Asks: 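Provided herewith is a single structure, encoded as structure tokens, for subsequent inquiry.
Note: hydrogens, waters and symmetry copies are ignored here, and every other heavy atom, side chains too, is used. The structure presented is a predicted model; accordingly, all values stated were derived computationally and were not measured.
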Amino acid sequence: MANNNSTYDCVGTVLAKSGCWSFLKGGFILDSPSSVSILYFQGTTDKSINVAIASASVQPFTEQQWRTNQQYIINTERKRAVTIHVSDSHGDRLQGASITIEQISKDFPFGSAIARTILGNLPYQNWFVERFNAAVFENELKWYATEPEQGKVNYTIPDQMLEFVLANQIVARGHNIFWEDPKYNPAWVRDLTGPDLKSAVNFRIQSLMSKYKEEFIHWDVSNEMLHFDFYEERLGPDATLHFYKTAHEADPLASLFLNEFNVVETCTDVSTTVDTYIDKIRELERGGSSMNGIGLESHFSKPNLPLMRAILDKLATLKLPIWLTEVDISNKFDKETQAIYLEQVLREGFSHPAVDGIMLWTAIHPNGGCYQMCLTDYNLQNLPAGDTVDKLLREWETGEGNGRTDDHGSYSFFGFLGEYKIMVQYGNRTTNSTLSLSQSDETKHFNIQL
């Protein structure tokens, strides 16, 4: 797409087939006024292509309209109306009863990567637990970390990290079983072929999955397989199917993910267009795999929110859980700009009804840095991105509220999904209850008797 002020490399892609209609959905942002905008269609080859367009629609939105729509979706998808009815032992409704509500846990998983630097670091642990209800180990479960030499398996560090996670009632993603990029495989694995490699990968799955059965809610079984094909090149086209089937047999309750970068961040990467990703998922499903999760790494440069939404909309048609698994903003931007772009990405992810969880990629390294973006300095003082995360976490929780029942003995509020403590006082009588809010279009009615 191009206009008289800017040129955009890509605003949408589709894998079109000759002789039939294909659905193209995308989007772009105009950073400045333009009198002329031209949409170009470009093929993947130098051959001439005849393109017919039907039902074309380009809808403009102001930034305020976009934010209003996001908030509407958050209010309808991430929150629920509640009415508490208070009565005495005879069933008579009590007017003027004092009610205190407090959200004690959130239903939506929002977390970050952690590294071994969190072990023994009580301030870091407290900082993490105060904010997040989900975690993923940055590198400590990867094959090169757990078996750097063949046959010498060591899970000491991930065991200690898992102990911290479980002690604080934090859910954890398993990342990853296999990484298709050759350079991130153990050196000894890169030297294996044929039956020796097959034996090694089977041992890897059985060792890892039996060790941590039912401990991790997800496993990234095949990491970045749209960009790399280390295992299928050496073990044949059914290698990935075998990974998923074996992993499912080893831990049937874990959700098994395909994890990939540049699916939702951009459409300029021809290896990972949204339709390419969808085709790979359907191919695995046809082969009988138990692949049941879509992992979008979400390593963003400058985000294109309309494109991001269009891609999420397309992926949502698969009816599979979608997680933003490694969210950060490129360090080519200054820290203030990183924070601005991070807020845009997080709002778009949280407001999309098909997104089931968000993980930041902000583990603190021994030298005090992070992969691309840190939330704090090494002394745990917030950087601009950290301020953004804290602001959104406060915005996306109900917090504590007080009120009194009306003349019908009822008190209503609109709360984010999760668990609540409720205290009701009437005269010298007090009762405490717990309430769970799950997603529904209907008002939740909760009866309390004093």
Asks: Do you know which of F216, Y184, W361 makes ring pair (Phe, Tyr, Trp, His ring centres under 6.0 Å) with H175?
Replies: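 Going through F216, Y184, W361 one by one, the ring pair (Phe, Tyr, Trp, His ring centres under 6.0 Å) with H175 is satisfied by W361 alone.
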Asks: Give, for atom CG of D328 and atom SG of C374, the distance between the pair rounded to the nearest 0.5 Å.
Replies: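 If I round to the nearest 0.5 Å, the distance is 10.0 Å.
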Asks: Going through the checks in order, is the side chain to side chain contact (heavy atoms under 4.5 Å, CB included) test met by L141 and N176?
Replies: CA-CA 6 Å; L141 281 171; N176 53 52; over 6 Å; no
Asks: Once ring pair (Phe, Tyr, Trp, His ring centres under 6.0 Å) is applied, do any residues pair with Y411, and if so which ones, sequence neighbours excluded?
Replies: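 Result, ring pair (Phe, Tyr, Trp, His ring centres under 6.0 Å) vs Y411: none returned.
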Asks: Can you check whether L392 reaches R347 side chain to side chain, under 4.5 Å on heavy atoms?
Replies: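 Yes; the side chains approach each other to less than 4.5 Å.
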Asks: How about CD on E442, more than 12 heavy atoms from neighbouring residues, nucleotides or ligands closer than 6.0 Å, or not?
Replies: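 12 or below, so no.
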Asks: Any idea how F128 and Y124 line up, ring-wise: parallel (<30°), tilted (30 to 60°), or perpendicular (>60°)?
Replies: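 If you compare the ring of F128 with that of Y124, the planes turn out perpendicular.
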Asks: Is E147 salt-bridged to R204, going by a charged N under 4.0 Å from an acidic O?
Replies: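 No.
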Asks: In terms of side-chain geometry, is the basic nitrogen of K280 or E283 positioned less than 4.0 Å from the acidic oxygen of its partner?
Replies: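 Judged by the 4.0 Å cut-off on N to carboxylate O distance, K280 and E283 do form a salt bridge.
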Asks: Can you list everything that forms a ring pair (Phe, Tyr, Trp, His ring centres under 6.0 Å) with H85? Sequence neighbours excluded, please.
Replies: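 H85 satisfies ring pair (Phe, Tyr, Trp, His ring centres under 6.0 Å) with H445 once adjacent residues are dropped.
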Asks: Give, for atom CG of L383 and atom OG1 of T376, the distance between the pair rounded to the nearest 0.5 Å.
Replies: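 It is 6.0 Å, given to the nearest 0.5 Å.
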Asks: Kindly give the heavy-atom pair with the smallest separation between W219 and I177, and that separation in Å.
Replies: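 Closest approach of W219 to I177, heavy atoms only: CE3-CG1, 3.7 Å.
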Asks: Are more than 12 heavy atoms from other residues, nucleotides or ligands located less than 6.0 Å from atom CZ of R116?
Replies: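 Open.
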Asks: Got a sec, which residues hit side chain to side chain donor-acceptor pair (under 3.5 Å) with H227, two or more places apart in sequence or on another chain?
Replies: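 Applying side chain to side chain donor-acceptor pair (under 3.5 Å) to H227 gives E260, D269.
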Asks: Could you tell me whether the side chain of W323 reaches within less than 4.5 Å of the side chain of H218, counting heavy atoms only?
Replies: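 The answer is yes; the side chains approach within 4.5 Å.
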Asks: Could you tell me which residues satisfy salt bridge (charged side-chain N to carboxylate O under 4.0 Å, His left out) with D159, sequence neighbours excluded, listed by chain and number?
Replies: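 D159 satisfies salt bridge (charged side-chain N to carboxylate O under 4.0 Å, His left out) with K211 only.
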Asks: Which residues pass the ring pair (Phe, Tyr, Trp, His ring centres under 6.0 Å) test with Y244, not counting sequence neighbours?
Replies: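 Per chain and number, Y244 pairs via ring pair (Phe, Tyr, Trp, His ring centres under 6.0 Å) with no residue.
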Asks: Going from CD on E395 to NZ on K391, what distance comes out if it is rounded to the nearest 0.5 angstrom?
Replies: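 One gets 7.0 Å once the value is rounded to the nearest 0.5 Å.
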Asks: Give a yes or no on this: more than 12 heavy atoms of other residues, nucleotides or ligands lie within 6.0 Å of atom CD of E163.
Replies: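 Count not over threshold, so no.
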Asks: Return each pair, listed once, that meets salt bridge (charged side-chain N to carboxylate O under 4.0 Å, His left out) where at least one residue sits in residues 233-242; pairs must be two or more places apart or across chains.
Replies: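 Non-adjacent pairs meeting salt bridge (charged side-chain N to carboxylate O under 4.0 Å, His left out): zero.
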Asks: Specify whether F261 and F228 have parallel, tilted or perpendicular ring planes, treating 30° as the upper limit for parallel and 60° as the lower limit for perpendicular.
Replies: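 It falls in the tilted class, 30° to 60°.
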